[in-house]
**Student:** 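Following this message is one structure expressed as structure tokens.
It should be emphasised that the depicted structure is a prediction, and the values quoted were computed from it without experimental measurement.
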Amino acid sequence: MSMQCVLNDLVSDGEVLAEYAISGSYIPYHCIIERGSTDIASALEDTLHRILDAGGSKEDIYEILGAKIPNEEEWRELQEFDEFIVIDLGYVIPGLIMSFHEDEEMKYYEEEKR
């Protein structure tokens with residue numbers, strides 16, 4: 001079972017899932033945030049740790065948060081354009097957040113892989 005299937009299970013009372021888009025990508029990403037909070041940086045870090053604590057992989061983190069640990073070449077390129085967000089443990093989001101939307105009704109499920 002993929003971590004994506006259980007992201008909803010990591011949400012606590014008073015929290016919601018949020019969907020966001022980053023520059024350079026058309027894929028929507030997700031994190032857990034306290035309802036009404038504007039502290040996106042803390043939400044990203046907290047979600048990263050929850051995924052890891054639940055046994056999530058680097059692939060899960062990329063699919064859910066859009067975050068990865070860049071290699072040296074990727075890191076130089078990110079620094080050149082200065083459009084990235086450092087989360088924690090070496091993980092960065094390779095772009096800037098262009099939109100952010102929390103939704104109490106949002107459910108995050110992985111599409112079945114065939």
**Student:** If you look at every heavy atom in Asp39 and Ile33, which pair is closest and at what distance?
**Tutor:**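 The answer is O-CD1, 4.2 Å.
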**Student:** Would you say Glu45's side chain and Ser42's backbone share a donor-acceptor pair under 3.5 angstrom?
**Tutor:**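 Here the side-chain-to-backbone pair does not exist.
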**Student:** Checking Ser23 side chain against Gly95 main chain: does a donor-acceptor pair fall under 3.5 Å?
**Tutor:**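 It does not hold such a pair.
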**Student:** Treating Ile, Leu, Val, Met, Phe, Trp and Tyr as nodes and any side-chain heavy-atom pair under 4.5 angstrom as an edge, say whether Leu17 and Ile87 lie in one connected cluster.
**Tutor:**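 Looking at the clustering, Ile87 is in the same group as Leu17.
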**Student:** Assign the ring pair Phe100 / Tyr20 to parallel, tilted or perpendicular, where the plane angle (0 to 90°) is split at 30° and 60°.
**Tutor:**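 Parallel.
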**Student:** Just how far is it from atom CD of Glu63 to atom NZ of Lys58, taken to the nearest 0.5 Å?
**Tutor:**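 So the CD of Glu63 and the NZ of Lys58 are separated by 14.5 Å.
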**Student:** Kindly give the heavy-atom pair with the smallest separation between Phe84 and Pro94, and that separation in Å.
**Tutor:**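 What the structure gives for the nearest pair is CB-CA, 4.4 Å.
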**Student:** Do you know the tightest heavy-atom contact between Leu65 and Cys31?
**Tutor:**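 Shortest heavy-atom contact: CD2-CB, 3.9 Å.
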**Student:** In Å and rounded to the nearest 0.5 Å, what is the OG to CG distance from Ser57 to Leu52?
**Tutor:**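 Atom-to-atom, Ser57:OG and Leu52:CG are 9.0 Å apart.
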**Student:** Can you name the closest pair of heavy atoms from Lys68 and Tyr62 and give their distance?
**Tutor:**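 Closest heavy-atom pair between Lys68 and Tyr62: CB-CD1, 4.2 Å.
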**Student:** Under 3.5 Å, side chain of Arg50 to main-chain N/O of Leu10, donor-acceptor pair present?
**Tutor:**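 A pair under 3.5 Å: yes.
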**Student:** In the single-linkage hydrophobic clustering (I, L, V, M, F, W, Y; side-chain heavy atoms under 4.5 Å), do Tyr91 and Leu78 co-cluster?
**Tutor:**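 They do not share one cluster, since no chain of ILVMFWY contacts under 4.5 Å joins Tyr91 to Leu78.
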**Student:** So which heavy atom on Ile85 is nearest to which on Leu96, and how close?
**Tutor:**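 Taking Ile85 first and Leu96 second, the nearest heavy atoms are CD1-CA, 4.4 Å.
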**Student:** Count I, L, V, M, F, W, Y as connected when their side-chain heavy atoms are under 4.5 Å apart, and connections chain through other members. Are Leu48 and Val11 then in the same cluster?
**Tutor:**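 Linked within one cluster.
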**Student:** Between the side chain of Glu15 and the main-chain N/O of Ser12, is any donor-acceptor distance below 3.5 Å?
**Tutor:**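 Yes.
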**Student:** Same cluster or not: are Ile51 and Ile40 linked, directly or through other Ile, Leu, Val, Met, Phe, Trp or Tyr residues, by side-chain heavy atoms under 4.5 angstrom apart?
**Tutor:**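 Shared cluster, yes.
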**Student:** Assess the residue pair Leu44 and Ile97 against the criterion (side-chain contact (heavy atoms from CB on, under 4.5 Å)); give the C-alpha distance rounded to whole Å, side-chain angles, the decisive distance to 0.1 Å, and a yes or no.
**Tutor:** CA-CA 11 Å; Leu44 295 171; Ile97 294 179; 4.2 Å; yes
**Student:** Using a 6.0 Å cut-off, check whether atom CD of Glu77 has over 12 heavy atoms from anything other than its own residue.
**Tutor:**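 Not more than 12 within 6.0 Å, no.
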**Student:** Report yes or no: do Ile27 and Met98 belong to one cluster of Ile/Leu/Val/Met/Phe/Trp/Tyr joined by side chain heavy-atom distances under 4.5 Å?
**Tutor:**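 Cluster IDs for Ile27 and Met98 differ.
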**Student:** Could you check whether any side-chain heavy atom of Leu7 comes within less than 4.5 Å of a side-chain heavy atom of Ile32, counting everything from C-beta outward?
**Tutor:**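 Yes; the side chains approach each other to less than 4.5 Å.
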**Student:** Does a donor on one side chain sit under 3.5 Å from an acceptor on the other, for Glu19 and His101?
**Tutor:**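 Their side chains do not contain a donor-acceptor pair, so the 3.5 Å distance test is not met.
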